[in-house]
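Any value given below was found using the heavy atoms of this structure, including those in side chains, with hydrogens, waters and symmetry copies removed. One is the number of the first residue; the rest follow in order along the sequence. Whatever order the structure lists ligands and atoms in, that order sets their numbers, starting from 1.
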Amino acid sequence: MLLPCLVPSISLRNVYLKPMNTPHDPASMSDPNLPGPPAGNPPGDGDGIGIDIVTQTRVRTKKPSLYRVLLLNDDYTPMEFVVYILERYFNRSREQATRIMLHVHQKGVGLCGVYTYEVAETKVAQVLDLAKRHEHPLQCVMEKED
Ligand code: TYC
């Protein structure tokens with residue numbers, strides 16, 4: 001996913017001054033080397049100051065940081081509960097969920113999924129909340145990807 005980031009900037013190349021109280025006539029300009037207004041587009045907004053500021057808007061896209069959501073092993077949470085967590089909150093099939101649960105059981109930690117900050121934060125909170133309500137000590141954490 002790409003986040004659009006609007007960056008307004010003023011292009012000074014396109015700023016020029018019009019002599020005050022002088023009707024605009026490009027042909028009457030004494031120095032042809034001075035920058036002038038675009039043809040058919042009189043400078044200023046009619047208040048006699050005669051400054052046109054042209055703004056350019058650049059669209060910059062920046063990839064959001066991603067976060068791994070990890071499950072930690074413990075000796076008390078039932079295996080079936082962990083499988084259920086992986087199916088419900090991490091959209092895993094029963095086979096995938098069982099494989100991840102067994103990996104955590106054997107290695108101590110395992111990857112549930114990778115998400116943007118708010119999504120990862122929500123999933124961690126949901127897992128911890130359900131575990132707490134069932135009085136299981138299951139731990140779930142998130143860590144930033146490099
Ligand atoms: N080790 C637990 C048991 O033997 C099962 C378990 C797996 C617990 C994964 C937590 O994240 C976990 N009942």
K.L.:
For atom 4 (O) of ligand 1, what is the closest protein heavy atom, and at what distance to 0.1 Å?
P.N.:
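Its nearest protein heavy-atom neighbour is His105 CE1, 3.1 Å.
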
K.L.:
Would you say the ring centers of Tyr115 and Tyr67 fall short of 6.0 Å from each other?
P.N.:
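Tyr115 vs Tyr67: aromatic centres not under 6.0 Å.
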
K.L.:
Are any of the N/O atoms in Asp75 less than 3.5 Å from those in ligand 1?
P.N.:
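Asp75 vs ligand 1: no N/O contact under 3.5 Å.
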
K.L.:
Could you tell me the residue and atom name of the protein heavy atom closest to atom 11 (O) of ligand 1, and the distance to it rounded to 0.1 Å?
P.N.:
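Scanning the protein heavy atoms, the shortest distance from atom 11 (O) of ligand 1 goes to Leu72 O, 2.8 Å.
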
K.L.:
Going by distance only, is there an N or O of Asn73 that falls short of 3.5 Å from an N or O of ligand 1?
P.N.:
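Yes - when backbone and side-chain N and O of Asn73 are compared with those of ligand 1, one distance drops under 3.5 Å.
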
K.L.:
Of all heavy-atom pairs between Gly110 and His103, which one has the smallest distance, and what is that distance?
P.N.:
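In terms of heavy atoms, the two residues are closest at CA-CD2, 3.8 Å.
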
K.L.:
For atom CD of Glu135, decide whether the heavy atoms of other residues, nucleotides or ligands shown that lie under 6.0 angstrom number more than 12.
P.N.:
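Check fails, neighbour count at 12 or below.
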
K.L.:
For Val104, take its heavy atoms, then give the atoms of ligand 1 lying under 4.0 Å from any of them.
P.N.:
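Matching atoms, with element in brackets: 9 (C), 11 (O), 12 (C).
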
K.L.:
Under a 4.0 angstrom heavy-atom cut-off, which atoms of ligand 1 come close to Thr77?
P.N.:
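Within the 4.0 Å cut-off of Thr77, ligand 1 contributes 2 (C), 3 (C), 5 (C), 6 (C), 8 (C), 13 (N).
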
K.L.:
Pick one of side chain, backbone, both or neither for how Leu138 approaches ligand 1, counting any non-hydrogen atom pair under 4.0 Å.
P.N.:
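The side chain, only.
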
K.L.:
Is the ring pair Phe81/His134 parallel, tilted or perpendicular, if the boundaries are 30 and 60 degrees?
P.N.:
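Rings of Phe81 and His134: tilted, 30 to 60°.
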
K.L.:
Any idea which protein heavy atom is nearest atom 2 (C) of ligand 1, and the distance to it?
P.N.:
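Protein heavy atom with the smallest distance to atom 2 (C) of ligand 1: Asp74 O, 3.1 Å.
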
K.L.:
Nearest 0.5 angstrom please: Cys112 SG to Arg68 CZ, how far?
P.N.:
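Result: 12.5 Å between the selected atoms.
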
K.L.:
Taking the side chain as everything from C-beta on, heavy atoms only, tell me whether Leu71 gets closer than 4.5 Å to Val127.
P.N.:
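Sidechains of Val127 and Leu71: in contact.
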
